[in-house]
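Taking it in order: structure first as structure tokens, then the write-up.
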Amino acid sequence: MSTSIRRNAAALFTPFRLRNLTLPNRVVMSPMTRRFSPGRVPSNDVADYYARRAQAGVALIVTEGVATDHQAAVDYPETPQLHGEAALAGWRNVVTKVHAAGGLIVPQLWHQGPVRDPLVSDNPAIAGVRPSGIWGRANGTVSLDPDYVARMLAETRPASDSEIGDIILSYARSARAAVAAGFDGVAIHGAHGYLIDSFLWHETNRRDDRWGGDMARRAAFGAAVVRAVREEIGPDRPILFRFSQFKMQDYLARLADMPDELAALLGPLADAGVDLFDASQRHFEQPAFPGSPLNLAGWAKRLTGVAAMTVGGIGMHAPRDPLGVERPMEAGDNLDRVAKRLEADEFDLVAVGRALLNDSEWIARLRDGRPFLPFDRTNLQRLA
């Protein structure tokens with residue numbers, strides 16, 4: 001890395017207060033699920049994996065998606081859970097090692113909802129939960145296996161009111177377990193077409209009861225989850241909430257076409273107790289709405305007054321050919337542009353994903369002005 005990038009990235013190394021947490025810098029490890037927990041129990045290798053990032057200086061770690069205890073929460077059995085003695089012991093070990101390395105860590109509570117694939121799960125007879133029985137658009141732009149899409153497009157029954165209540169309680173129990181395991185807060189996955197997002201998205205929520213209708217009612221389920229989590233973790237620990245425009249069911253999907261529509265969706269979540277909106281987009285420099293350079297995190301912060309975190313290709317470079325197809329990724333030097341937007345108060349924190357998977361020392365290299373390692377895709381498939 002050149003000294004000019006190091007100088008321009010100085011804003012990334014300023015502290016930030018998030019409820020009771022003082023983050024020493026603005027760099028957060030983004031949640032990335034890769035299924036390294038056989039039997040849904042995080043191993044000592046998982047603990048070491050997170051601890052290495054904390055040791056290098058990441059301000060806050062958001063774990064991979066962690067299943068709530070609802071029977072249809074997730075599919076692959078190597079995805080960790082946050083219930084049962086063995087899993088809780090595994091997570092206590094993770095938290096202990098991260099804290100010993102000087103880091104902070106929160107679990108990302110996850111329910112896949114419509115996206116859950118029964119065929120690869122340990123409960124194949126149980127269908128995924130859908131607000132209105134709809135998986136998503138039949139002609140969405142996806143990178144999913146066509147056989148999976150064909151199977152999932154068949155409509156199922158809508159979730160019942162009692163089932164929705166049970167799922168909210170499962171989030172509450174998971175939040176209680178997070179406190180017991182020593183986590184520093186809780187992150188809630190409300191993006192990418194998973195359960196909470198499927199309530200927010202008009203394509204998958206066609207309900208006409210208290211859980212659907214206008215945007216405020218489509219936000220009611222997510223707000224109820226946030227309130228349940230807040231009740232369990234108390235007033236000191238922060239709640240992070242991930243949301244997105246794009247979905248696994250359609251990369252071109254949009255929750256909102258105008259800022260006032262986004263405000264109507266995020267407002268109830270903020271009122272329920274969200275401390276940080278984790279605005280997931282594929283490229284952090286992409287404007288969220290026409291007529292403004294603000295990205296999705298920038299608009300979340302402007303519309304709600306709540307802190308926001310950006311993500312999307314930070315520390316990476318994925319060139320595009322004339323047709324818009326991404327070529328192989330490589331280590332990038334976009335940190336000066338990230339820092340400028342941070343200095344302009346567009347957002348508050350910066351989530352880094354693939355760059356930190358590629359190299360656990362990535363943030364230390366940034367801080368010290370050392371060159372980044374070349375990108376090695378095989379690092380994405382192991383607990384390096």
Do R237 and D275 sit within salt-bridge range, that is, some charged N less than 4.0 Å from a carboxylate O? no
Please round to the nearest 0.5 Å and tell me the distance separating atom CG of L269 and atom CZ of F221. 11.5 Å
Looking only at side chains, do R35 and T79 share a donor and an acceptor under 3.5 Å apart? no
Take K247 and D250, measure what salt bridge (Lys or Arg N to Asp or Glu O under 4.0 Å) needs, and give me the verdict at the end. CA-CA 5 Å; K247 321 294 172 200; D250 188 358; over 6 Å; no
Under the criterion side-chain contact (heavy atoms from CB on, under 4.5 Å), I'd like the reasoning laid out for Q249 against W201: C-alpha separation, chi angles, the key distance, then a yes or no. CA-CA 11 Å; Q249 299 95 320; W201 190 27; 4.2 Å; yes
Calculate, to the nearest 0.5 Å, the distance between atoms CD1 and OG1 belonging to I168 and T68 respectively. 11.5 Å
Electrostatic pair R242:D197 at N-O distance under 4.0 angstrom: no
Honestly curious: do M29 and L342 fall in one hydrophobic cluster under the side-chain, below-4.5 Å linking rule? yes
Same cluster or not: I239 versus L104, using hydrophobic residues (I, L, V, M, F, W, Y) connected whenever any side-chain heavy atoms lie under 4.5 Å apart? no
Would you confirm whether E232, through its side chain, and V229, through its main-chain N or O, come within 3.5 Å as a donor-acceptor pair? no
Just do the side-chain contact (heavy atoms from CB on, under 4.5 Å) check on F199 and T204 with the steps written out, would you? CA-CA 7 Å; F199 277 86; T204 45; over 6 Å; no
Could you check whether any side-chain heavy atom of F284 comes within less than 4.5 Å of a side-chain heavy atom of V338, counting everything from C-beta outward? yes
Which heavy atom of K97 sits nearest to which heavy atom of N44, and what is that distance? NZ-OD1, 2.9 Å
Show me the side-chain donor-acceptor pairs of residues 177-188 shorter than 3.5 Å, one per line, residues at least two apart or across chains.
{"residue": "D184", "atom": "OD1", "partner": "H99", "partner atom": "NE2", "Å": "3.3"}
{"residue": "D184", "atom": "OD2", "partner": "H99", "partner atom": "NE2", "Å": "2.8"}
{"residue": "D184", "atom": "OD2", "partner": "I105", "partner atom": "N", "Å": "2.9"}

Six-ring centre of Y251, R282 cation under 6.0 angstrom, axis tolerance 45°: yes
Interatomic spacing from CG in L240 to CG in L60 - rounded to 0.5 Å: 6.5 Å
Side chain proximity check, R365 to D368, heavy atoms < 4.5 angstrom: no
Main-chain N/O of L255 paired with Q245 side-chain donor or acceptor, under 3.5 Å: yes
Does the side chain of D376 pick up a donor-acceptor pair with the side chain of T378 at under 3.5 Å? yes
So the side chain to side chain donor-acceptor pair (under 3.5 Å) pairs with at least one residue in residues 288-299 (sequence neighbours excluded) are N295-T310
Heavy-atom distance under 4.5 Å between the side chains of L276 and L18, does that happen here? yes
So R116 and I126, side-chain contact (heavy atoms from CB on, under 4.5 Å) or not? Walk me through it. CA-CA 10 Å; R116 177 183 176 272; I126 300 173; 4.2 Å; yes
With distance as the sole test, does S170 use its side chain to make a donor-acceptor pair with the main-chain N or O of I167 at under 3.5 Å? yes
Check for me whether the distance between the ring centres of F246 and H192 falls short of 6.0 Å. yes
Are more than 12 heavy atoms from other residues, nucleotides or ligands located less than 6.0 Å from atom CG of D214? yes
Within a strict 4.5 Å, meaning less than it, do heavy atoms of the F347 and R341 side chains meet? yes
Answer with yes or no whether the hydrophobic clustering places I196 together with I233; edges join I, L, V, M, F, W, Y residues whose side-chain heavy atoms lie under 4.5 Å apart. yes
Check E285 with R337, please: is the shortest side-chain N to carboxylate O separation under 4.0 Å? yes
Just so I know, are the side chains of Q81 and D69 near enough to count as touching, which here means a heavy-atom distance under 4.5 Å? no
So D161 and R210, salt bridge (Lys or Arg N to Asp or Glu O under 4.0 Å) or not? Walk me through it. CA-CA 9 Å; D161 193 72; R210 60 177 172 151; 3.1 Å; yes
For residues L349 and I363: do they belong to one hydrophobic cluster (side chain heavy atoms under 4.5 Å, members Ile, Leu, Val, Met, Phe, Trp, Tyr)? no
Mind checking the OH-CG spacing from Y148 to L153? Nearest 0.5 Å is all I need. 9.5 Å
Do you know which two heavy atoms are closest between R40 and V74, and how far apart they sit? NH1-CG2, 3.2 Å
For R26 and T14, test the side chains for any donor-to-acceptor distance below 3.5 angstrom and give the result as yes or no. yes
Test item: side-chain donor near acceptor, S198 and R130, under 3.5 Å: no
In terms of ring plane angle, is the pair Y50 and W91 parallel, tilted or perpendicular, where the classes change at 30° and 60°? tilted
Check whether any side-chain heavy atom of R370 lies under 4.5 Å from a side-chain heavy atom of E361, and answer yes or no. yes
Measure across V120 and P77 and return the closest heavy-atom pair with its distance rounded to 0.1 Å. O-CD, 3.4 Å
Hphob cluster co-occupancy, M32 + V62, side-chain heavy atoms under 4.5 angstrom: no
Got a sec: does the CD of Q381 have more than 12 other heavy atoms crowding it under 6.0 Å? yes
Is the shortest distance from a Lys or Arg side-chain nitrogen in R19 or D236 to a carboxylate oxygen in the other one below 4.0 Å? no
Closest approach of V311 to A351 (non-hydrogen atoms, all atoms of both residues): CG2-O, 3.4 Å
Which atom of L356 lies closest to which atom of R53, heavy atoms considered: O-NH2, 2.8 Å
Apply side-chain contact (heavy atoms from CB on, under 4.5 Å) to residues H111 and H70 and explain how you reach the verdict. CA-CA 8 Å; H111 193 300; H70 186 258; 3.1 Å; yes
Pair R157 + E163, salt bridge at N-O below 4.0 Å: yes
Within the distance-only criterion (no hydrogens, no angle test), does the side chain of R230 pair as donor or acceptor with the backbone N or O of G234 below 3.5 angstrom? yes
Minimum heavy-atom distance between D122 and P124, given as atom pair plus value: C-CD, 3.5 Å
Heavy-atom side-chain proximity of P158 to R207 below 4.5 angstrom: yes
Relative to the ring of F372, is the ring of W362 parallel (under 30°), tilted (30 to 60°) or perpendicular (over 60°)? parallel
Quick one: CG on D48 to OG on S43, what's the gap to the nearest 0.5 Å? 8.0 Å
Rounded to the nearest 0.5 Å, what separates atom NE2 in H283 from atom CE in M316? 11.5 Å
Are the side chains of T33 and W110 in touch, meaning some heavy atoms are under 4.5 Å apart? yes
